[in-house]
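First comes the structure, then the notes that go with it.
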There are 4 protein chains.
Amino acid sequence: MFSLNPQSGIPLYRQLVDQVKLLVAGGQLKAGAPLPSVRELADKHAVNPMTISKAYSLLEAEGVLLRQRGKPMTVAAHNRQGPEAQILLAPLIHQLIQSARQLALGDDDIIQAVRQGLEQHHD
Amino acid sequence: MFSLNPQSGIPLYRQLVDQVKLLVAGGQLKAGAPLPSVRELADKHAVNPMTISKAYSLLEAEGVLLRQRGKPMTVAAHNRQGPEAQILLAPLIHQLIQSARQLALGDDDIIQAVRQGLEQHHD
Amino acid sequence: MFSLNPQSGIPLYRQLVDQVKLLVAGGQLKAGAPLPSVRELADKHAVNPMTISKAYSLLEAEGVLLRQRGKPMTVAAHNRQGPEAQILLAPLIHQLIQSARQLALGDDDIIQAVRQGLEQHHD
Amino acid sequence: MFSLNPQSGIPLYRQLVDQVKLLVAGGQLKAGAPLPSVRELADKHAVNPMTISKAYSLLEAEGVLLRQRGKPMTVAAHNRQGPEAQILLAPLIHQLIQSARQLALGDDDIIQAVRQGLEQHHD
DNA sequence: GTGGTCTAGACCACA
DNA sequence: GTGGTCTAGACCACA
């Protein structure tokens, strides 16, 4: 469900925060759904529990997750009108386009590259 | 020419390194071309000169740039067959697709979102 | 300036958060004023730097403090109309009165006890 | 009779322990008096029975309560000369004064704030 | 079982 | 110099 990449330069806890938001916005994590426990995620991704815990705490502070004592974290019920997909993807698309421009690629090249990527991801 | 975003979570020096590589691979920085001075870049982007300097040093170590005493850094002549655009963009495309999947978007939605991004960038 | 008590049952980071808020509300920490560095506070109070850091991060998230890369944390400029002293003290006064009532003390006894406390604090 | 506040940062079992001590010291719980059952308290305050049980056990270990098989816990007969009210309130008063000082309040302001609190509690 | 707090200590990014 | 991230590991509060 989650994919953490220690090489990406982006802090692990932040990768997790972003991915939870995406899954909630995409409806794959529905209101009330429990998240994996801190320990479970930590084991699965070979990461320190505190790193997971930090991400969960930030998500609670943002109102995405709900903390109930002694129970697993759950997706908050009233997550205020999830932002549009477009908005969540915008930074990534922006960065992709910027990088492609620096590579002197044209619009068609970019679309083409994305299409190729999509094909490879159909494995 | 460069665009540094302190909010992105990616270290500034790494953003700069990546962008220089893209510009070289894309031919917008040709062999022998001079780079902006450390101070110039630092001022322009409101960043500490040491941050720029670190990026330049890494690029020198990787053979992308050439340092000559008393002169600006230049693009190295023999930058060993710049990697294909596809390879440089791959991580970004991968991350875009992964995020879109977490948003439960289909292939067409993704292409569509990229197209919209491209249009906005034609400003 | 700060006083951390590990015995109180209240998490150290939370004690610090509360005290910073009080000092800001009371005007003893003015807008723009730098806070002690994480390490300095940690050494002074024999506490782990991460504990201090966590408090500072929470205060930044609440808009009380400002984080500038490479520089000490400072008191945020526009800390939105500091809450009245009355409001910040309310929980403490509430708890004092509740405890005194459980002790079967009358109003005068409570005032008297506070007066005695004040005298002792004039040392 | 009891008031548990999960937000206060102070562990629930500890809040309960403290309040029992106050009630005993204040004479509102006399020697031999029965305490509410674990289940009753747990239900009433929407708290796990083990939390109540832990508090009761600590109070028994301290000699404040007496556990008899099959009967409710009772206030111990010889509770060694309950400490003076002043001593039990001291930590609260200390914390109040410290916080008020950080708010830059004078003695009169503090007394005034307590008086206001007392009036509101006469509801 | 759940998450929370704290420590000791390494290493990083930035000014 | 500043704060940030992460780890390994102990112990706590609560369900």
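Numbers restart at 1 for each chain; the letters A, B, ... are given by sequence-line order, proteins then strands. Only a predicted model underlies this, so the values are computations on that prediction, with no experimental measurement involved.
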5′-ward residue of the pair Ala46(C)/Pro11(B) relative to DNA chain E: Ala46(C)
Can you tell me how far apart CG (Leu92(B)) and CD1 (Ile97(B)) are? Round to the nearest 0.5 Å. 11.0 Å
Please give, in whole Å, the distance from dG9(E) P to Asp43(C) CG? 13 Å
Both Ser57(A) and Arg69(C) contact DNA chain E. Which one's nearest nucleotide lies toward the 5' end? Ser57(A)
May I have the distance from Leu12(C) (atom CG) to dC12(F) (atom C1'), rounded to whole angstrom? 13 Å
Between Gln98(D) and Ser3(C), is there a side-chain donor-acceptor contact under 3.5 Å, judged purely by atom types and distance? yes
What is the distance, to the nearest angstrom, from the CD1 atom on Ile52(C) to the C1' atom on dA8(E)? 15 Å
Check: Thr51(B) side chain, Val47(B) main-chain N or O, donor-acceptor pair, under 3.5 Å: no
Nucleotide dT5(F), atom P - distance to CG of Leu4(A) in whole Å: 15 Å
In whole angstroms, how far is the C1' atom of dG3(E) from the CG atom of Leu59(A)? 14 Å
Applying a 3.5 Å limit to both distances, which nucleotide forms a Watson-Crick or G-U wobble pair with dC14(F)? dG1(E)
Looking at Tyr13(C), does any N or O in its side chain come under 4.0 Å of the phosphate oxygens OP1/OP2 on dT5(E)? yes
From the list dC6(F), dG3(F), dC6(E), which nucleotide is the closest neighbour of the side chain of Thr51(C)? dC6(E)
Would you say the base of dG1(E) and the side-chain of Arg39(A) have a donor-acceptor pair closer than 3.5 Å? no
What nucleic acid atoms does Arg14(D) come within less than 4.0 Å of, heavy atoms only: base, sugar-phosphate, or nothing? nothing
Where the side chain of Lys54(A) is concerned, which of dC6(E), dG3(E), dT5(F) is the nearest nucleotide? dT5(F)
Whole angstrom is fine here: how far is it from CD1 in Ile10(C) over to P in dC6(E)? 11 Å
Please round to the nearest 0.5 Å and tell me the distance separating atom CD of Gln102(D) and atom NZ of Lys21(C). 13.0 Å
Tell me whether the OP1 or OP2 atom of dG3(E) has a side-chain N or O from Ser53(A) closer than 4.0 Å. no
Measure CG/Asn48(B) against C1'/dC12(E) and give the value in whole Å, please. 15 Å
Value in whole Å for how far the C1' atom of dT5(F) lies from CE of Met50(A): 10 Å
Taking atom CG of Leu41(C) and atom CG of Leu4(C), what is their separation to the nearest 0.5 Å? 7.5 Å
Nearest nucleotide by nearest heavy atom, which residue falls closer to the 5' end of DNA chain F, Met73(C) or Gly70(A)? Met73(C)
N or O in side chain of Lys71(A) less than 4.0 angstrom from dG1(E) OP1/OP2: no
